[in-house]
Amino acid sequence: MALERTFSIIKPDATRRNLTGAVTKKLEDAGLRVVASRRIQMTEDQAKKFYEVHAERPFYNDLVSFMSSGPVVVQVLEGEDAIAKNREVMGATNPKDAAPGTIRAEYAESIDANSVHGSDSAENAQIEIAQFFTEDQIVG
Ligand code: CDP
Ligand code: MG
């Protein structure tokens with residue numbers, strides 16, 4: 001086990017339903033610590049850049065529109081095995097497949113409006129954190 005940092009986004013469908021606290025509680029209950037957090041409205045350009053890896057996927061344009069459609073909360077989470085732990089507490093991309101008790105099982109509206117983002121690897125966690133936070137904004 002290793003102390004890691006990962007990047008999380010509470011997506012517009014969750015902020016719209018006032019679930020910032022509820023989602024954050026799930027993260028904290030899983031043993032993750034919020035070591036940086038900011039509520040922002042993503043521009044389309046920011047969303048495009050963030051999801052660049054999915055640029056060729058059929059859902060890319062809708063995803064970019066959705067992510068810039070309302071406020072999001074960008075967060076850095078810290079903990080033992082934070083990357084895998086966060087993916088576990090998030091649940092599967094499609095809420096229909098998400099395990100009971102996970103954030104997506106409880107809160108997601110659909111496969112696209114699925115309440116949270118979480119980095120899928122250490123490399124991507126670093127890249128994603130750096131898109132939204134400077135080192136001095138992260139206090140562990
Ligand atoms: O977010 P996660 O890593 O679980 O899934 P992804 O495969 O990296 O896809 C990124 C995001 O694209 C998802 O969280 C969904 O919001 C969206 N998506 C979608 O709208 N339709 C799909 N068929 C797959 C993903
Ligand atoms: Mg992903």
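Every heavy atom of this structure was used, including side-chain atoms; hydrogens, water molecules and symmetry mates were not. In each ligand, atom 1 is the first atom listed, and ligand 1 is the first ligand listed.
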Does the gap between the ring centers of Phe7 and Phe50 come in under 6.0 Å? yes
Residue list, side-chain contact (heavy atoms from CB on, under 4.5 Å) with Glu28, at least two apart or on another chain: Thr24, Val34
Counterpart residues, side-chain contact (heavy atoms from CB on, under 4.5 Å), relative to Ala130 (two or more places apart): none
Please tell me whether Asp45 and Thr43 have a donor and an acceptor in their side chains that are separated by less than 3.5 angstrom. no
Say whether Glu128 and Ser119, considering side chains only, have a donor N or O and an acceptor N or O under 3.5 Å apart. yes
Do Val72 and Ile129 land in one hydrophobic cluster if side-chain heavy atoms of ILVMFWY residues count as linked below 4.5 Å? yes
Same hydrophobic cluster for Met67 and Ile103, using side-chain heavy-atom links shorter than 4.5 Å among ILVMFWY? no
Counting both backbone and side chain atoms, is some N or O of Lys11 under 3.5 Å from an N or O of ligand 1? yes
Check Arg16 with Glu109, please: is the shortest side-chain N to carboxylate O separation under 4.0 Å? yes
What protein heavy atom is closest to [atom], reported as residue, atom name and distance in Å?
{"atom": "atom 1 (O) of ligand 1", "answer": "Arg104 NH2, 3.0 Å"}
{"atom": "atom 20 (O) of ligand 1", "answer": "Asp112 CB, 3.2 Å"}
{"atom": "atom 15 (C) of ligand 1", "answer": "Ile111 O, 3.3 Å"}
{"atom": "atom 24 (C) of ligand 1", "answer": "Phe59 CE2, 3.5 Å"}
{"atom": "atom 5 (O) of ligand 1", "answer": "Thr93 OG1, 3.3 Å"}
{"atom": "atom 3 (O) of ligand 1", "answer": "Arg87 NH1, 2.8 Å"}

Location of contacts on Leu63 toward ligand 1, heavy atoms closer than 4.0 Å: side chain
Please verify whether a non-hydrogen atom of Met90 lies at under 4.0 Å from ligand 1. no
Contacting atoms of ligand 1, where contact means under 4.0 angstrom from a heavy atom of His54: 6 (P), 8 (O), 9 (O), 10 (C)
List every atom of ligand 1 that sits less than 4.0 Å from any heavy atom of Asn114, numbering the atoms from 1 in the order shown and giving each element. 13 (C), 14 (O), 15 (C), 16 (O)
